[in-house]
Amino acid sequence: MEFEPIDQFQQRQKKLEEIRALGFAAYPHEFRSTDGPGALVAAYQETPAAELEAARRNVRVAGRIVSYRLMGKAGFAHLQSCGQRIQIYVKLDVAGERAFKLFQLLDLGDHIGVAGHLFRTKTNELSIWVEELFFLSKALLPLPEKWHGLSDVEIRYRQRYLDLVANEKSRQVFLARARITQELRRFFDARGYVEVETPMMHPLAGGAAARPFITHHNTLDMDLYLRIAPELYLKRLVVGGLDRVYEINRNFRNEGISTQHNPEFTMLEFYEAYSNYLDLMDLNEQLFALLARTITGSTTVSYGEHQLDFSKMIRLTMREAICKYWPAEAGPAPAPAELAAPGGPRAIAQRYNEWAGRAGKERAFRKGTPSDGEWTGLLFEAFAEEHLIQPTIIYDFPTEISPLSKQKPEDPALTERFEIFIAGMEIANGFSELNDPAEQERRFLEQIAQGGEEAPKQVDVDYIRALCHGLPPTAGEGVGIDRVTMLLTDSHSIRDVILFPLLRPESPASSPDEKA
RNA sequence: AGGGGCGUAGCUCAGUGGUAGAGCAGCGGCCUUUUAAGCCGAAGGUCGUGGGUUCAAUCCCCACCGCCCCUACCA
């Protein structure tokens with residue numbers, strides 16, 4: 001198989017044959033290096049030339065050629081490995097004829113190994129004086145341009161390997177992402193949590209309201225749903241005595257794609273027995289401050305034009321947020337008591353929508369006939385959410401939109417639930433878990449009765465049965481890892497923090513049978 | 001799904017209703033301390049795809065494909 005650009009591909013294949021003809025294996029099996037470019041540069045950055053000469057430091061280093069300057073009978077190149085590079089100097093009379101012929105046949109992108117010793121060039125750059133050259137692997141296709149790098153976002157997403165080689169920024173984003181999950185594991189492990197893996201293929205899609213992907217198992221001849229949330233399985237584990245569990249894994253939701261949504265995304269979910277949502281709020285403040293400091297070095301993080309302060313979190317009830325962010329032009333703001341009154345949220349929404357319609361603003365709207373609790377949620381989303389730039393905990397969600405949350409003892413219209421908003425994005429969702437099986441069954445049935453594509457189609461009977469065996473008072477939470485990564489790496493599209501975001505398949509461009 | 005934008009050499013980008021350009025990469029030559037190496041030379045294109053208008057379309061019009069952004073959807 002050959003790939004564009006064909007001429008360069010063939011040219012490089014030809015060179016590979018010539019390399020073979022020199023007696024080098026085209027795809028050798030090993031090369032033992034003593035040091036990586038990064039370690040050498042770090043260790044000898046300050047060592048003067050005279051010292052390098054006096055006490056010769058022999059090294060063997062491997063890497064990808066990312067710059068290459070051939071000047072007759074000598075040449076320079078930079079070898080890159082792990083994002084760090086070191087210069088090599090290859091001289092005909094030092095390396096020998098065969099090695100120098102090999103050097104002449106190299107291209108940007110090839111992997112090689114060198115053996116030699118450290119020295120400094122005229123311009124004082126730490127370099128390797130190459131005595132032996134080893135061929136490791138040929139790049140049959142050219143790297144993106146060295147100066148401007150790779151900026152075509154489509155290629156960056158489709159051929160992430162090129163993006164990672166060419167763009168240090170991209171490399172840093174994914175290293176940060178790895179450190180985030182690493183830090184999360186450290187955080188929860190240190191608190192006595194057990195990491196588990198629950199099914200990704202569910203006979204029933206539960207634990208969230210979302211349209212699932214459907215797949216099929218042949219032998220069992222049954223349809224399965226890719227999970228939309230691990231929630232119901234994790235709580236079964238708490239019933240089973242794993243009092244503190246967490247899982248970091250993918251969820252799949254068959255819904256829109258945007259700068260904040262990818263059909264598969266990574267969630268951290270964790271459950272802690274004998275805690276409630278207030279405990280989780282405190283834990284979140286610690287967790288996010290720690291993450292910000294570990295990943296960015298500070299609890300103040302630049303995100304676009306904003307400086308996000310992760311040292312604390314603002315706390316507002318949902319009703320307070322609605323009152324606080326009520327647009328001044330829409331008339332007098334409602335009072336929390338109005339929102340609490342039966343029929344209140346609906347009346348307030350009418351007032352708001354009247355103004356929003358005139359002002360051309362987003363209306364609080366949903367098909368059908370929303371309940372008070374749903375109106376409250378709609379109002380919040382219509383105009384409050386966008387204002388939540390600084391890390392904010394919104395708590396006390398209406399019961400009607402929180403089917404898995406425990407009600408507040410003093411007000412059954414509200415649940416002990418909160419969400420964290422940062423930079424206008426929903427980052428986390430946690431609550432005191434509803435552990436009354438009769439009430440849970442009632443809520444499930446209510447959801448099913450309401451219908452809609454995102455509602456569950458049937459009661460998860462085994463989950464109710466598990467609750468009947470006794471779920472201790474428990475608090476649980478889900479955190480969107482992709483979005484957290486966006487915040488901590490100043491990335492403004494979720495595709496920039498997912499290695500291989502979902503895109504339409506590359507069409508064979510000119511396939512004539514595409515037309516229907 | 002609706003609105004807007006983009007698609008020109010491998011990469012980064014100019015450009016024009018009259019048969020297409022630069023830099024880098026690649027090819028040939030010179031060059032034994034360069035670093036965006038340099039100098040000389042040659043090559044490289046279905047201007048996203050398909051229609052239409054026109055004497056003539058990469059450019060204007062229509063449709064389609066892909067990507068990006070906004071809106072909608074997304075507890």
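This is a predicted model, so every value here is computed, not measured. Proteins come first, then strands; the chains are lettered A, B, ... in the order of their sequence lines, and each starts at number 1.
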For this session: May I have the distance from A:Q11 (atom CD) to B:A43 (atom P), rounded to whole angstrom?
Result: 16 Å

Exercise. When the ring centroid of A:F383 is compared with that of A:Y352, is the distance short of 6.0 Å?
Worked result: yes

Exercise. Are the ring centres of A:Y161 and A:F500 closer than 6.0 Å?
Worked result: no

Distances for protein N/O vs nucleotides 7-12 of chain B N/O pairs under 3.5 angstrom?
| residue | atom | partner | partner atom | Å |
| --- | --- | --- | --- | --- |
| B:C11 | O2' | A:E145 | N | 3.3 |
| B:C11 | O2' | A:G149 | O | 3.1 |
| B:U12 | OP1 | A:S151 | N | 3.1 |
| B:U12 | OP1 | A:D152 | N | 2.8 |
| B:U12 | O3' | A:S151 | OG | 3.2 |

Exercise. Which nucleotide, B:U32, B:U34, B:C70, lies nearest any side-chain atom of A:T121?
Worked result: B:U34

Problem set entry | Shortest side-chain distance from A:L503, nucleotide among B:A75, B:C68, B:U34 | B:C68

Problem set entry | Gap in Å between the two C1' atoms, one belonging to B:G2 and one to B:G21, rounded | 38 Å

Exercise. Salt-bridged, A:E154 to A:R158, with N to O below 4.0 Å?
Worked result: yes

Exercise. Say you pick atom P in B:A14 and the same atom in B:A63; how far apart are they, in whole Å?
Worked result: 26 Å

Problem set entry | Separation of atom CD in A:Q260 from atom P in B:U71, rounded to whole Å | 9 Å

For this session: Answer with yes or no after comparing the ring centroid distance for A:H78 and A:Y68 against a 6.0 Å cut-off, counting only values under it.
Result: no

Problem set entry | Per A:S127 side chain, nearest of listed nucleotides B:A75, B:U34, B:U33 | B:U34

Exercise. Is there a side-chain polar atom (N or O) of A:T259 under 4.0 Å from OP1 or OP2 of B:C68?
Worked result: no

Exercise. Is the shortest side-chain N/O distance from A:K15 to OP1 or OP2 of B:G26 below 4.0 Å?
Worked result: no

Seminar exercise, completed: Per-residue pairing states of RNA chain B in dot-bracket (Watson-Crick or G-U under 3.5 Å; . unpaired, | other strand) read (((((((..((((....[..))))..((((.......))))......(((((..]....))))))))))))....

Problem set entry | Rounded distance in Å - CZ (A:R443) to C1' (B:A75) | 13 Å

Exercise. Expressed as a whole number of Å, how far does the C1' atom of B:C70 sit from that of B:C59?
Worked result: 28 Å

For this session: Give the C-alpha distance, both sets of side-chain angles, the deciding distance and a yes or no for side-chain hydrogen bond (donor to acceptor under 3.5 Å, both in side chains) between A:H111 and A:S137.
Result: CA-CA 5 Å; A:H111 292 269; A:S137 179; 5.5 Å; no

Problem set entry | Contacts of type ring pair (Phe, Tyr, Trp, His ring centres under 6.0 Å), residue A:Y325, not counting sequence neighbours | A:H387

Problem set entry | C1' atoms of B:C55 and B:G45, separation to the nearest Å | 25 Å

For this session: Please figure out whether A:D93 or A:S258 has its closest RNA chain B nucleotide nearer the 5' end.
Result: A:D93

For this session: On RNA chain B, check which nucleotide each of A:F119 and A:E362 is closest to and give me the residue with the more 5' one.
Result: A:F119

Exercise. Within this structure, what is the CD-to-P distance between A:E386 and B:C70, rounded to whole angstrom?
Worked result: 14 Å

Exercise. Which of these nucleotides, B:U32, B:U34, B:G26, is closest to any side-chain atom of A:R12?
Worked result: B:G26

Exercise. To the nearest Å, how far apart are A:R69 CZ and B:C24 P?
Worked result: 15 Å

For this session: Give A:R495 one of three labels, base, sugar-phosphate or nothing, depending on what nucleic acid heavy atoms sit under 4.0 Å from its own.
Result: sugar-phosphate

Exercise. Between A:D35 and A:R57, is the closest basic N to carboxylate O distance under 4.0 Å?
Worked result: yes

Problem set entry | For A:E17, side-chain hydrogen bond (donor to acceptor under 3.5 Å, both in side chains) partners two or more places apart | A:R20

Exercise. Touch check for A:E419, heavy atoms < 4.0 angstrom, all strands: base, sugar-phosphate only, or nothing?
Worked result: sugar-phosphate

For this session: Could you state the atom-to-atom distance from CG of A:D496 to C1' of B:C69 in whole Å?
Result: 13 Å

Exercise. Between atom OH in A:Y68 and atom C1' in B:A36, what is the gap in whole Å?
Worked result: 17 Å

Problem set entry | salt bridge (charged side-chain N to carboxylate O under 4.0 Å, His left out) contacts in which one or both residues fall within residues 133-143 of chain A, not counting sequence neighbours | A:D107-A:K138, A:D110-A:K138

For this session: Taking atom C1' in both B:U32 and B:C68, compute the distance separating them and give it to the nearest angstrom.
Result: 49 Å

Exercise. Looking only at N and O atoms, is any donor in the side chain of A:Q87 or the base of B:U34 less than 3.5 Å from an acceptor on the other one?
Worked result: yes

Exercise. If we take the C1' atom in both B:G29 and B:C65, what is their distance in whole Å?
Worked result: 44 Å

Problem set entry | Integer angstrom distance from the P of B:G15 to that of B:U8 | 14 Å

For this session: Remember a base hit wins even if backbone is also touched, and classify A:A166 as base, sugar-phosphate or nothing at under 4.0 Å, heavy atoms.
Result: nothing

Seminar exercise, completed: The side-chain contact (heavy atoms from CB on, under 4.5 Å) partners of A:I155 (sequence neighbours excluded) come to A:L150, A:D152, A:Q159, A:L162

For this session: Quick one: label A:S493 by what it contacts on the DNA or RNA (base, sugar-phosphate, nothing), any heavy atom closer than 4.0 Å.
Result: sugar-phosphate

Exercise. Would A:D411 and A:K408 pass as an ion pair if we require N to O under 4.0 Å?
Worked result: no

Problem set entry | Atom P, compared across B:G3 and B:G26: separation rounded to whole Å | 45 Å

For this session: Measure from CG on A:L108 to P on B:C27 and round the result to the nearest Å.
Result: 10 Å

Exercise. Is the A:F431 to A:Y277 ring centre distance short of 6.0 Å?
Worked result: no

